[in-house]
Amino acid sequence: MLSSRASSTTLLTCFMAKSTLSFVCQNCGAAYNRWQGKCDSCGEWNTLAEEDTTGSVPVSIRSKRKGRTFALESLSGKTQAAPRLSSGMTELDRVTGGGFVRGSVLLVGGDPGIGKSTLLTQATSMMARAGHRAVYISGEEAVAQVRLRAERLGLADAPVQLASETSVEDIVSTLSEGAVPRLIVIDSIQTMWTDTVESAPGTVTQVRASAQALIRFAKKTGAAIILVGHVTKDGQIAGPRVVEHMVDAVLSFEGEGSQQFRILRSVKNRFGATDEIGVFEMTGLGLREVTNPSELFLSERELGSPGTAVFAGIEGTRPVLVELQALVAPTSLGTPRRAVVGWDPSRLSMVLAVLEAHCGVKLSGHDVYLNVAGGLRIQEPAADLAAAAALVSSLVNAPLPTDAVYFGEISLSGAIRPVAQTPARLKEALKLGFGRAILPESARGDAGGDAGLALNSVNNLTTLVAEIAARGTPRGGRREPGGDQSAPRGTDAAEKNATPARFRRETS
Ligand code: TYD
Ligand code: MG
């Protein structure tokens, strides 16, 4: 009975192996028997391509290989702390969680031209200079091109071992000789190919099989491997997505093409936190590490212009101050535009809805633009308050105080909710010369006794809107002599006095 089932399984495997062609989504790796326009798995269009998906293990081995036995271990065995190797670049180490772990495989993804090759040339050179065997394999550029870059970076003298190769088998054989390399950079995984599968280089099947072979090599030898992966917006070229679940860490290198700031973000990390960022600046001499990002993000601030607010945020373990810029302008379109760079568009919609519903701020006749300066991408809800302040400031044409930082989460009811790590945010603001913080009422307690800054706590968005509106003058108009300061804040009287007519609720 058992043997007949086993033989039918073998038969089935052989039968399946014969139909080697299938349609594989080049974005997520899902396979289909027939071509279809849309991938059901990831929802992308036109990403299916015909591929030979014969597995990397030959059929004969699959069906006949007898499993070897291995020892099973207990959970409480002796373990060594993951030995880490510093890359020599503080910002890179911060993102990896303290250096490269032996035998680990990292994927560094990013748009073409963002600076991945530059970053990794610098990292391998630092490792090589520190006396480790560091290898840089480029499948995209000729040796001469890589040398030229190294020269430009002033790293030509670093004893990096360099090759321009694309065959995974050749690479593995070459690197198996001599001392085990401590760091191997494969630039990029999309250019690699292995004999074990028949698909063309760059296809999902090839990328996956090549990555598998390299991961096996890393685990066996203890070498740390960095795979470079291009991300394309239209998903036409095999994205490194399919590799993401196979590797130990995924780092994403981001930045606006027009700006020189680059942010290395950890998306997945089996050996460290995933919310850390490393900040770099692309200069004529390669990437420079930015140890104090706040200074950088605030360096081009236009003091005293309406529509800008400084947000005291937290990225990973460190506070980062960044400027939010808003522009609210009357629209000529039936459906006004809402555009946002560096922040979650759905959070912007939420803040706008709360402003309309609870604070009487009418924005349906206005285009709204929001931008996070410096190319940073903010994920914290704590930025709500700064965004709201910037939006209202732009609408009423009133600059916010230049020495103030803002943080706090806005709830749907218009209440300002507390956020984590208030002391760290305040400390950073103080360090950079800010004089006051606008923060949630309930965060006052967390701030500690003497924060060194004036603390303006707000518990309601309406209060903040009234305060900003009291400073404002509608575009093209003149500032009215200040509102009735005697009326208690947040009351209808205060709102009526402080809020320009177009701000008031229709009902009031
Ligand atoms: P590169 O590392 O080749 O990008 P990727 O490997 O991600 O495709 O870097 C590309 C850009 O960086 C290129 O437009 C030139 C610029 N660059 C500098 O500005 N300064 C430098 O020192 C170097 C090496 C590159
Ligand atoms: Mg490159």
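All residue numbers in this chain count up from 1 along the given sequence. Every number for a ligand or one of its atoms is a count from 1 in the order of the listing. These numbers come from the heavy atoms of this one structure, side chains and all, not from hydrogens, waters or symmetry mates.
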What part of [X] sits under 4.0 Å from ligand 1 if we count only heavy atoms: the side chain, the backbone, both or neither?
X	answer
P112	backbone
M282	side chain
L285	backbone

- Task: Report the nearest protein non-hydrogen atom to atom 3 (O) of ligand 1: residue, atom name, distance rounded to 0.1 Å.
- Result: R149 NH2, 3.2 Å

Run the salt-bridge test on [X] and [Y] with the 4.0 Å N-O cut-off and return the result as yes or no.
X	Y	value
R270	D248	yes
E254	R377	yes
R425	E380	yes
R318	E91	yes

- Pick, from Q260, R288, E151, R152, the option with the minimum heavy-atom distance to atom 21 (C) of ligand 1. R152

- Which of these, S188, G113, G154, S138, has its nearest heavy atom closest to atom 10 (C) of ligand 1? G113

Sub-3.5 Å N/O-N/O distance, [X] and ligand 1:
X	answer
H230	no
L153	no
T118	yes
G286	yes

- Query: Any N/O/S atom of S117 sitting less than 2.8 Å from the Mg ion (ligand 2), backbone or side chain?
  - Reply: yes

- Item | Contacting atoms of ligand 1, where contact means under 4.0 angstrom from a heavy atom of T283 | 18 (C), 19 (O), 20 (N), 21 (C), 22 (O)

